[in-house]
Amino acid sequence: MTRSKVRVRFAPSPTGPLHIGGVRTALFNYLFAKKHGGTFILRIEDTDSTRFVSNAEEYINESLAWLGLTVDEGVKEGGPFGPYKQSERKAIYKQYANLLLERGWAYYAFDTPEQLDALRAQCEAEKRTFAYDISTRTSLCNSLSLGDEETQRRISAGEPYVIRFKMPENVLVKASDLVRGDVTFNTNTLDDKVLYKSADELPTYHLANIVDDHLMEITHVIRGEEWLPSVPLHVMLYRAFGWEETMPQFAHLPLILKPSGKGKLSKRDGDKDGFPVFPLEYTSPEGEVASGYRESGYFPEAVINLLALLGWNPGTEQEIFSVEQLAEIFTIERVNKSGARFDPEKAKWFNHQYLIQKSDAQLAALFMPLLEQKGIAVDSQKLQTIVGLVKERVNFVSELWEQTHFFFEAPTAYDDKVVQKRWKDGVPAFMLQLADLLNEQPDWTVEALKHAASELISSNGQNFGNIMNALRLALVGGSFGPDLFTIVELLGKDETIKRIRAAVETIK
RNA sequence: GGUCCCUUCGUCUAGGGGUUAGGACGCAAGAUUUUCAUUCUUGAAACAGGGGUUCGAUUCCCCUAGGGACUGCCA
């Protein structure tokens, strides 16, 4: 039943960018493989020639690479079970479809999509549901109703056809799922799914998936819950092929829901709710751009971490984990059953956690390019100091600018509320006095500065708090920023005095 | 509509026959910060409803309700 070495696959179809639900599936497969010393396989399921998107496969590769989910076997990596792209395995599927035909598990069908659509529409109008199944197949256009001779004639004449699975009557299909336990279906409620289409000589997902999982010796199928209804079909396929003994174990992951809770997160939900649903920014062949986590300033470690905790938890109160740690403690048993809403706020918090873990030097290096873009040159050591002052209050590197801009640019405007409150009679004159005092300071350090300023303030009968605020206003333009004398120290004597005098002249 | 899955604070979740139902995000208050933030403390906030089983159910069973997925020659 079980093979010794764990082999799991992530099998996306290249129909567009991977979204974070898919990324989470990839992650869980990866973690499971690492945990068991197994193999993580990337298989490209490009069996829908009509939905193929040219840059999608590359996008998938780049996304996994950015997140550090190393693929062991795949299109790029190669491996003993290739090819790993389904469009390159056409001959294999045809052969297995034929096998099913020979064994009476499948049949040819000639109904056109248009005919079937019409039938569905008609049934709907009559408030019935159309299904291509045991109840309707004998009255439809297929080898079962047409007979061998006519079927062969049509095929020889080049008439397009599909091969459908002949779902048997009244079989109770029981499958055990690693996260849900036993699930049971009756085949009477299932229809005859298309397995193969002559039009592009490609199988559909169902056939390709079973054949490949078998041939690639996949031991565990870890995928999204949207696949749960296909389980009985898949089990029946394994049975039809005679592969039930080595059938992989299933684990259906809970869906990631939209923040609203209404429905599973989809590719369309991204930018409209103000958070990315894609790992990387994606530009469609048509030129449409969708934002990505990377470009939004998320660290890959944070994305991994937040995704890992969506639908899984370690059972402890720890929430911050490296991939390595996750790979050690991950178990399917601790995967939840119910869907998890994606919470953009918590996503930011995760990024914050990783941001504050970074050293000032690392953050300065990440921040430096943003400053260079603005044409600001700053000494790396000084930038490290500045960044260290404010990193606790930001979630993203990009937010560093709004917390530190006053270190690089003198204020051009002054917060009106603060002006009303702090810039009262006598304050401007006193500020000038303060500037003169600072100008004479030999020891330009936080402590000395603070000491000198407070002496001047008290000897002039001024209110310390008010003057501090007024000085802050003059230096940064409002009531924000880190410790005031730290700002003064970093700004330096000339700049500090310049800003005080500019404020006195500007604020009326 | 049919099939299947799910249901603990607003959200992510722990727990599991007897608990003050725990943590995190977010939110609020207080303390500290002579400013902003951080930090610390505190607070509000949940077992969907109804039946069983049981000495005792949030926990086990059933039903109802609600939510979700699937229902394609898509994956």
Side-chain angles (χ1 to χ4, degrees), chain A residues 11-15 22 45-51 109 111-113 116-117 120 124 127-132 160-164 177 179-180 183-186 188-191 193-200 202-206 208-209 223-232 252 254-255 257 259 261-264 306 309-320 334 336-350 352 356 389-394 403 418 422 450 454 457 463-473 476 478-484 487:
Chain A
S13 83
T15 54
E45 307 224 329
D46 55 345
T47 54
D48 185 352
S49 45
T50 64
R51 291 209 311 157
D111 319 82
T112 65
L116 294 175
D117 284 347
R120 281 193 188 93
E124 197 175 338
K127 297 219 186 262
R128 290 172 22 239
T129 322
F130 172 76
Y132 206 121
Y161 63 86
V162 298
I163 297 173
R164 284 182 183 270
D177 184 279
V179 333
R180 275 148 228 285
V183 283
T184 311
F185 301 81
N186 189 307
N188 287 351
T189 65
L190 272 22
D191 61 352
K193 283 276 182 274
V194 171
L195 299 177
Y196 186 88
K197 51 231 152 86
S198 68
D200 53 10
L202 280 166
T204 61
Y205 170 82
H206 302 291
N209 169 65
R223 78 234 291 196
E225 193 195 320
E226 68 266 31
W227 292 108
L228 203 51
S230 319
V231 165
H252 288 90
L255 263 15
L257 276 15
K262 297 212 61 87
K264 69 170 174 176
L306 73 92
L309 273 298
L310 230 41
W312 173 88
N313 77 83
T316 65
E317 283 175 1
Q318 186 180 345
E319 292 200 275
I320 302 300
R334 292 206 65 89
N336 284 108
K337 291 183 174 74
S338 48
R341 278 190 216 191
F342 181 79
D343 182 357
E345 286 307 315
K346 191 136 189 188
K348 289 178 193 162
W349 176 80
F350 273 109
H352 175 74
I356 59 178
L389 251 28
V390 299
K391 67 176 180 182
E392 281 286 350
R393 30 183 121 181
V394 300
Q403 294 293 334
V418 185
R422 307 295 187 184
K450 188 172 180 177
S454 51
I457 290 166
N463 177 289
F464 193 90
N466 195 57
I467 295 307
M468 291 294 286
N469 279 288
L471 179 56
R472 178 179 289 276
L473 176 70
V476 310
S479 66
F480 50 83
D483 177 70
L484 187 53
I487 295 174

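The sequence lines fix the lettering, A, B, ..., with proteins before strands; numbering per chain opens at 1.
- Atom CD in A/E317 sits roughly 13 Å away from atom C1' in B/A21 (whole-Å rounding).
- For B/C60, the paired nucleotide is B/G52, the pair qualifying as Watson-Crick or G-U wobble because both relevant distances are below 3.5 Å.
- Mapping A/L484 and A/V183 onto RNA chain B by nearest heavy atom places A/V183 at the nucleotide closer to the 5' end.
- A/T184 comes within 4.0 angstrom of the backbone, heavy atoms only, and of no base.
- Atom C1' of nucleotide B/C74 and atom CG of A/D46 are separated by 13 Å, given to the nearest angstrom.
- The two residues A/P482 and A/I487 come nearest to each other via the heavy atoms O-CD1, 3.4 Å.
- One finds no side-chain N or O of A/R51 lying less than 4.0 angstrom from the OP1 or OP2 phosphate oxygen of B/A75.
- By the criterion of a centre-to-centre distance under 5.5 Å and near-parallel planes under 30°, the ring of A/F480 forms no stack with the base of B/C36.
- Minimum atom distance to the side chain of A/S13 is reached by B/A75, of the listed B/A75, B/C73, B/C6.
- Using a 4.0 Å heavy-atom criterion, one finds that A/G224 contacts no nucleic acid atom at all.
- When rounded to the nearest whole Å, the span between CG of A/L116 and C1' of B/U71 equals 14 Å.
- Base-pair partner of B/U20: not found among the strands shown (Watson-Crick or G-U wobble, both distances under 3.5 Å).
- Among the heavy atoms of the strands, none lies under 4.0 Å from A/G478.
- Note on A/N466: nothing from the nucleic acid sits closer than 4.0 angstrom, heavy atoms only.
- Set against B/A75, B/C73, B/G15, the side chain of A/S230 has B/A75 as its closest nucleotide.
- Atom CD1 in A/I457 sits roughly 12 Å away from atom P in B/U34 (whole-Å rounding).
- At a threshold of 4.5 Å between non-hydrogen side-chain atoms, the residues A/Y132 and A/V194 do not count as touching.
- Each of A/F185 and A/S454 was matched to the nucleotide of RNA chain B holding its nearest heavy atom; the match closer to the 5' end belongs to A/F185.
- Pair assignment for B/A31: B/U39, on the basis of Watson-Crick or G-U wobble contacts that are both within less than 3.5 Å.
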> For A/H252 and A/E226, what are the C-alpha separation, side-chain angles and deciding distance, and is it a side-chain contact (heavy atoms from CB on, under 4.5 Å)?
Replying inline: CA-CA 8 Å; A/H252 288 90; A/E226 68 266 31; over 6 Å; no

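- Heavy atoms of A/V194 sit under 4.0 angstrom from primed sugar atoms or phosphate atoms, though from no base atom.
- Proximity of A/N313 to the phosphate of B/C12: no side-chain N or O atom is located under 4.0 Å from OP1 or OP2.
- Nearest heavy atoms, A/L310 versus A/R341: CD1-O, 4.0 Å.
- Residue-to-nucleotide contacts include a donor-acceptor pair under 3.5 Å from the side chain of A/R393 to the base of B/C36.
- Atom-to-atom, CD of A/E226 to P of B/C74 comes out at 17 Å; the value is rounded to the nearest Å.
- Atom P of nucleotide B/C6 and atom CG of A/L228 are separated by 8 Å, given to the nearest angstrom.
- The partner of B/U3 is B/A69, by the rule that a Watson-Crick or G-U pair needs both atom distances under 3.5 Å.
- Using bins of under 30°, 30° to 60° and over 60° for the plane-to-plane angle, the ring pair A/W227/A/H206 lands in the perpendicular bin.
- Residue A/T204 is classed as a sugar-phosphate contact, given heavy-atom separations below 4.0 Å to backbone atoms only.
- In this model, the phosphate group of B/C70 is approached by a side-chain N or O of A/K264 to a distance below 4.0 Å at OP1 or OP2.
- Closest to the A/S479 side chain, of the nucleotides B/C36, B/G26, B/C4, is B/C36.
- Using a 4.0 Å cut-off, no side-chain N or O of A/R128 falls inside it from OP1 or OP2 of B/G1.
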Tabulated below should be each protein N or O lying under 3.5 Å from an N or O of nucleotides 7-11 of chain B; please produce it.
none

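- In summary, of the residues considered (A/K337, A/R180, A/K264), a salt bridge (Lys or Arg N to Asp or Glu O under 4.0 Å) with A/E225 occurs for A/R180 alone.
- A salt bridge links A/R51 to A/D48: at least one charged side-chain nitrogen sits closer than 4.0 Å to a carboxylate oxygen.
- Regarding A/K348, its NZ atom lies at a distance of 11 Å from the C1' atom of B/G26, rounded to whole Å.
- Spacing of C1' atoms, B/G50 relative to B/U7, comes out at 16 Å, to the nearest Å.
- Atoms NE2 (A/H206) and P (B/A75) sit 7 Å apart, rounded to a whole Å.
- No donor-acceptor pair under 3.5 Å is formed between the side chain of A/T47 and the backbone N or O of A/L202.
- Within the structure, every side-chain polar atom (N or O) of A/N188 is placed at least 4.0 Å from both OP1 and OP2 of B/U3.
- When side chains are defined from C-beta on, A/E319 counts as touching A/W349, because their heavy atoms get closer than 4.5 Å.
- Base pairing of B/C25 is made with B/G10, judged by Watson-Crick or G-U wobble geometry with both donor-acceptor distances under 3.5 Å.
- Looking at heavy-atom distances under 4.0 Å, A/D111 makes contact with a base.
- Counting non-hydrogen atoms under 4.0 angstrom, A/R334 reaches the backbone sugars and phosphates but no base.
- For A/N313 (side chain) and A/L309 (main-chain N/O), no donor-acceptor pair under 3.5 Å exists by modelled atom type.
- Contact annotation: A/T47 reaches the phosphate of B/A75 (side-chain N/O to OP1 or OP2, under 4.0 Å).
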